Amino acid sequence: MREIFRITNKYIILATPLILFSLFLTIYTVISNQSAGLIHSVVNMIITTIMFAAFVSGWFKMIKLAVSASLVGEPNLLIKEFPAGVGEYFLPVLSSVLVLAVLNILILLVAVISGSHLIGEVGITPEAFSGALSSQQSLTTFLGGLSQEQLTKLGMWNVYMLGWVTLISFCEMLYYPVMIFKTKNPFRAISISLKELFSKYFFKTLCVFVLIFVVNFIITIPEVLFSANLVVGFITTMIRFYFFTIVAVGLFYYYYQQFVKSNLGNNIDTYI
């Protein structure tokens, strides 16, 4: 853990692309929301996906160089590797985003169908539920109009779907380290990541996942409790950026140490 903090603090420049991407995405979202319509929504989704793929490609390339000690010289020069990462990984990452999106939709569809049999229908239309989320007052009024049975089923659905999302997140946690370190084929990356996830390091990897989950939950508490406080909001936002950076560095460092460095020269899946 100390080494992860050391790498993150040494290459704190890694937080810059994350902050800039979040800023650009926020500005674009505000501007794009001024228009409506199906075609406009599709265009926005395509542009956002392309922006995300470009960001991930360059950022993960920088992290790869940081954790593998492949960079010599001034740490801030690492930012120059961002364009090289976009050129090298953009198409594979873009393909992976599409593959994961389709795969996750299919898995969640199975979860919804199975949940309908296990839990049952709540008796709420999608339109009513969407309208309830428009404001805190609407949500309070909406929940107050539900029966006890509906509230119980709604709570069960929340826990059920959270369990599925958590399981999907765990199964995919090694996916991008595999793509950056071992293969640019998005389909082969799935098989390699799952094989390594359920290897002899399974419980160690599970501990890493649980640690990330718990720390994320702890950070979320002040964000929710003091959401109206601008000063606390700014501090928690900075903490969140640092958290995301250290999680990415930690995950890539863990993967490099456990699945790459120790197998260099004798693992056909491994390359730097």
Side-chain angles (χ1 to χ4, degrees), residues 1 4 49 52-68 85 88-115 117-118 159-217 243-272:
M1 182 65 80
I4 294 172
T49 302
F52 176 77
F55 160 68
V56 167
S57 302
W59 198 44
F60 285 174
K61 170 73 172 184
M62 292 171 62
I63 296 175
K64 172 186 176 181
L65 294 176
V67 302
S68 60
E88 182 177 358
Y89 293 107
F90 176 73
L91 290 179
V93 169
L94 182 61
S95 301
S96 73
V97 171
L98 300 178
V99 169
L100 289 183
V102 173
L103 182 61
N104 291 342
I105 289 173
L106 292 176
I107 293 174
L108 291 176
L109 182 60
V110 171
V112 170
I113 294 174
S114 61
H117 290 86
L118 294 173
V159 174
Y160 180 75
M161 294 307 297
L162 178 61
W164 273 97
V165 171
T166 303
L167 178 61
I168 291 172
S169 300
F170 175 65
C171 290
E172 295 176 355
M173 69 178 291
L174 298 181
Y175 182 75
Y176 279 108
V178 169
M179 283 206 70
I180 301 301
F181 278 109
K182 293 188 175 180
T183 177
K184 296 175 184 177
N185 186 315
F187 297 101
R188 189 159 180 257
I190 293 176
S191 63
I192 294 176
S193 63
L194 290 177
K195 179 183 72 174
E196 294 178 334
L197 183 68
F198 294 98
S199 65
K200 63 181 180 179
Y201 299 109
F202 173 79
F203 289 105
K204 194 170 184 178
T205 305
L206 179 61
C207 289
V208 173
F209 180 79
V210 171
L211 177 62
I212 295 172
F213 184 87
V214 170
V215 175
N216 180 65
F217 178 76
F243 171 72
F244 283 144
T245 304
I246 203 166
V247 165
V249 171
L251 190 57
F252 272 68
Y253 178 80
Y254 169 75
Y255 185 81
Y256 176 73
Q257 293 295 324
Q258 299 297 330
F259 300 100
V260 179
K261 187 177 180 180
S262 59
N263 294 320
L264 286 175
N266 55 25
N267 187 334
I268 60 174
D269 290 333
T270 301
Y271 72 89
I272 298 297

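Source: prediction; values computed, not measured.
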**Student:** As an exercise, state the distance from CG of Leu251 to CZ of Phe60, rounded to the nearest 0.5 Å.
**Tutor:**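 It is 8.0 Å, given to the nearest 0.5 Å.
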**Student:** Between Gln258 and Lys204, what is the shortest heavy-atom contact and its length?
**Tutor:**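 It is NE2-NZ, 2.9 Å.
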**Student:** Closest heavy-atom contact between Phe181 and Val67?
**Tutor:**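 Heavy atoms of Phe181 and Val67 come nearest at CZ-CG2, 3.9 Å.
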**Student:** Would you say that Ile63 contacts Ile180 through its side chain, given a criterion of any heavy-atom pair below 4.5 Å between the two side chains?
**Tutor:**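 Side chain of Ile63 against side chain of Ile180, heavy atoms only: no contact under 4.5 Å found.
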**Student:** Is there side-chain contact between Met161 and Leu108, with at least one heavy-atom pair below 4.5 Å?
**Tutor:**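 The answer is yes; the side chains approach within 4.5 Å.
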**Student:** To the nearest 0.5 Å, what is the distance between CG (Leu194) and CG (Leu174)?
**Tutor:**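 Reported to 0.5 Å precision, the distance equals 9.0 Å.
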**Student:** Donor-acceptor pair, Tyr254 side chain versus Thr205 backbone, under 3.5 Å?
**Tutor:**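 Indeed, once roles are kept as given, a pair shorter than 3.5 Å links the two residues.
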**Student:** Please name the pair of heavy atoms, one in Met179 and one in Ala189, separated by the smallest distance, quoted to 0.1 Å.
**Tutor:**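 Smallest heavy-atom distance, with atoms named: CG-CB, 3.6 Å.
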**Student:** Working to the nearest 0.5 angstrom, can you tell me the gap between Met173 CE and Leu206 CG?
**Tutor:**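 It is 8.5 Å, given to the nearest 0.5 Å.
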**Student:** Counting only N and O atoms by type, is there a donor-acceptor contact under 3.5 Å from the side chain of Tyr175 to the main-chain atoms of Pro186?
**Tutor:**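 Looks like yes, one N/O pair under 3.5 Å.
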**Student:** Quick one: OH on Tyr89 to CG on Leu94, what's the gap to the nearest 0.5 Å?
**Tutor:**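 If I round to the nearest 0.5 Å, the distance is 16.0 Å.
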**Student:** Nearest 0.5 Å, what's the CD-NZ distance between Glu88 and Lys64?
**Tutor:**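 Here the interatomic distance stands at 6.0 Å.
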**Student:** Please list, chain by chain and in numerical order, all residues satisfying side-chain hydrogen bond (donor to acceptor under 3.5 Å, both in side chains) with Ser199, sequence neighbours excluded.
**Tutor:**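 For Ser199, no residue satisfies side-chain hydrogen bond (donor to acceptor under 3.5 Å, both in side chains) once neighbours in sequence are set aside.
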**Student:** Taking the six-membered ring for Trp, are Trp59 and Phe55 parallel (under 30°), tilted (30 to 60°) or perpendicular (over 60°)?
**Tutor:**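 The arrangement is parallel - the two ring planes meet at less than 30°.
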**Student:** So Trp164 and Asn104, do their side chains get closer than 4.5 Å, heavy atoms only?
**Tutor:**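 No, every pair of side-chain atoms sits at 4.5 Å or beyond.
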**Student:** Test of understanding: with side-chain hydrogen bond (donor to acceptor under 3.5 Å, both in side chains), list the residues that count as partners of Ser193, not counting sequence neighbours.
**Tutor:**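 Result, side-chain hydrogen bond (donor to acceptor under 3.5 Å, both in side chains) vs Ser193: none returned.
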**Student:** Got a sec, which residues hit side-chain hydrogen bond (donor to acceptor under 3.5 Å, both in side chains) with Asn216, two or more places apart in sequence or on another chain?
**Tutor:**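 For Asn216, the residues satisfying side-chain hydrogen bond (donor to acceptor under 3.5 Å, both in side chains) (neighbours in sequence not counted) are Arg240.
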**Student:** Distance-only, no hydrogens or angles: does the Tyr160 side chain make a donor-acceptor pair with backbone N or O of Ala111 under 3.5 Å?
**Tutor:**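 Side chain of Tyr160 to backbone of Ala111: a pair is present.
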**Student:** For a 4.5 angstrom cut-off between non-hydrogen side-chain atoms, does Tyr201 reach Phe259?
**Tutor:**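 In contact.
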**Student:** Classify the angle between the aromatic ring planes of Phe198 and Phe170 as parallel (below 30°), tilted (30 to 60°) or perpendicular (above 60°).
**Tutor:**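 Ring orientation of Phe198 relative to Phe170: perpendicular.
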**Student:** Going from OG on Ser68 to CD on Gln257, what distance comes out if it is rounded to the nearest 0.5 angstrom?
**Tutor:**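 Rounded to the nearest 0.5 Å, the OG-CD separation comes to 10.0 Å.
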**Student:** With a 6.0 Å cut-off (strictly less than), is the heavy-atom count around CZ of Phe213, excluding the residue itself, greater than 12?
**Tutor:**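 It does not: Phe213 CZ has 12 such atoms or fewer within range.
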